[in-house]
Amino acid sequence: DTEVTQTPKHLVMGMTNKKSLKCEQHMGHRAMYWYKQKAKKPPELMFVYSYEKLSINESVPSRFSPECPNSSLLNLHLHALQPEDSALYLCASSQDYGGLMNTEAFFGQGTRLTVV
Amino acid sequence: AQKITQTQPGMFVQEKEAVTLDCTYDTSDPSYGLFWYKQPSSGEMIFLIYQGSYDQQNATEGRYSLNFQKARKSANLVISASQLGDSAMYFCAMRGGLYNFNKFYFGSGTKLNVKP
């Protein structure tokens, strides 16, 4: 199983709503990532979890709150978002062998988020 | 800091011909990994090929090959015998060195259109 599964695929939410994005992988990967991608732009790194601990936060606003309940699951909790947060949110995972470069990141299909 | 540059926003290629997508990078780390991803309009990032900084030979994966010129800091993707299904966005990425190995940095991407 080389899949990263993201749910939901599409999400429309109001600026006062609270919602969560979910990501799951069963490849035994111990690094998991959230990326944000605007149209016609490259993915921008938001958060990295390594062995279920948050290791990188790229100065993301607090209205985005990540959570890693176990080694297979990654959530992104959304609260009080702005219309400019509308984007494709991609989850990814990779092996984390402490310095080895030769392991690619596997990506999910993403959640297309629209904030109204 | 690591930086990836893709200077071709868009490329056209005739079906069955070869095409080269350019990528240059900048890093002070001696150990790094270079990756190419394909992103169709569906949104999923699909891993294509990997090149390590210490690899002596250029990587190949089926119709994909990587022209790695370390001294020039370039890692161009060559797609042979283009197919209509190759039409997509292509991103060059780097896994960020010994102290940032869980960061994948992406270039701005190249939109490839394969003409019948």
Side-chain angles (χ1 to χ4, degrees), chain A residues 2-6 8-11 23 27 29-59 68 87-113, chain B residues 1-6 9-10 23 25 27 29-55 57 59 61 64 66 68 75 88-112:
Chain A
T2 57
E3 277 193 351
V4 176
T5 304
Q6 288 187 245
K9 289 196 171 21
H10 300 271
L11 179 62
C23 174
M27 294 177 277
H29 291 168
R30 303 310 294 272
M32 295 187 76
Y33 312 78
W34 281 114
Y35 282 86
K36 173 183 177 180
Q37 187 178 23
K38 302 284 272 184
K40 300 184 181 180
K41 297 289 187 184
E44 297 175 18
L45 183 63
M46 300 175 72
F47 303 104
V48 181
Y49 273 84
S50 176
Y51 291 84
E52 294 97 73
K53 286 186 171 29
L54 183 65
S55 62
I56 296 173
N57 176 343
E58 293 284 84
S59 303
C68 189
L88 179 68
Y89 288 83
L90 291 162
C91 174
S93 70
S94 74
Q95 293 175 351
D96 185 350
Y97 290 150
L100 286 184
M101 301 298 152
N102 64 343
T103 53
E104 71 270 29
F106 290 79
F107 284 80
Q109 286 198 312
T111 294
R112 291 192 186 275
L113 174 67
Chain B
Q2 281 78 6
K3 186 177 179 182
I4 298 277
T5 302
Q6 295 179 253
C23 172
Y25 60 92
T27 180
D29 272 299
S31 177
Y32 51 89
L34 296 160
F35 303 80
W36 277 92
Y37 283 88
K38 171 185 178 182
Q39 188 177 39
S41 55
S42 59
E44 184 180 3
M45 299 281 281
I46 301 166
F47 165 72
L48 297 177
I49 195 166
Y50 163 82
Q51 181 83 43
S53 59
Y54 294 118
D55 292 344
Q57 302 214 337
E61 288 285 350
Y64 304 108
L66 205 153
F68 180 48
M89 197 75 172
Y90 288 80
F91 290 100
C92 181
M94 180 165 62
R95 191 160 191 177
L98 188 59
Y99 299 105
N100 291 288
F101 57 86
N102 269 341
K103 283 191 177 184
F104 285 82
Y105 298 90
F106 286 86
S108 55
T110 296
K111 182 80 188 309
L112 178 66

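Letters A, B, ... are given to chains in the order of the sequence lines, protein chains preceding strands, and every chain is numbered from 1.
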Full working for side-chain contact (heavy atoms from CB on, under 4.5 Å) between A:K40 and B:K111: CA-CA 9 Å; A:K40 300 184 181 180; B:K111 182 80 188 309; over 6 Å; no
Need one label for A:Q37: side chain, backbone, both or neither, based on atoms under 4.5 Å from any heavy atom in chain B. side chain
dist B:F106:CZ -> A:Y35:OH (nearest 0.5 Å) comes out at 5.0 Å
Atom pair OH (B:Y50) and OG1 (A:T103), whose distance is rounded to the nearest 0.5 Å: 8.0 Å
Counting only heavy atoms from other residues, nucleotides and ligands, does the tally under 6.0 Å from NZ of B:K3 exceed 12? no
B:Y105 portion near chain A, given a 4.5 angstrom heavy-atom threshold: neither
Using every non-hydrogen atom in the two residues, find where A:A105 and B:Y37 come nearest and quote the distance to one decimal. O-OH, 2.7 Å
So, the part of A:E58 with a heavy atom under 4.5 Å from chain B: the answer is side chain
Heavy-atom closest pair, residues A:R112 and B:S41: NH2-O, 3.1 Å
Nearest 0.5 angstrom please: A:E104 CD to B:F35 CZ, how far? 7.0 Å
Using heavy-atom distances under 4.5 Å, tell me whether B:F104 contacts chain A through its side chain, its backbone, both, or neither. both
Shorter than 4.5 Å, heavy atoms on both sides: which option in B:Q6, B:E44, B:Q39 has the most such pairs with chain A? B:E44
Which heavy atom of A:P42 sits nearest to which heavy atom of B:G107, and what is that distance? CB-O, 3.0 Å
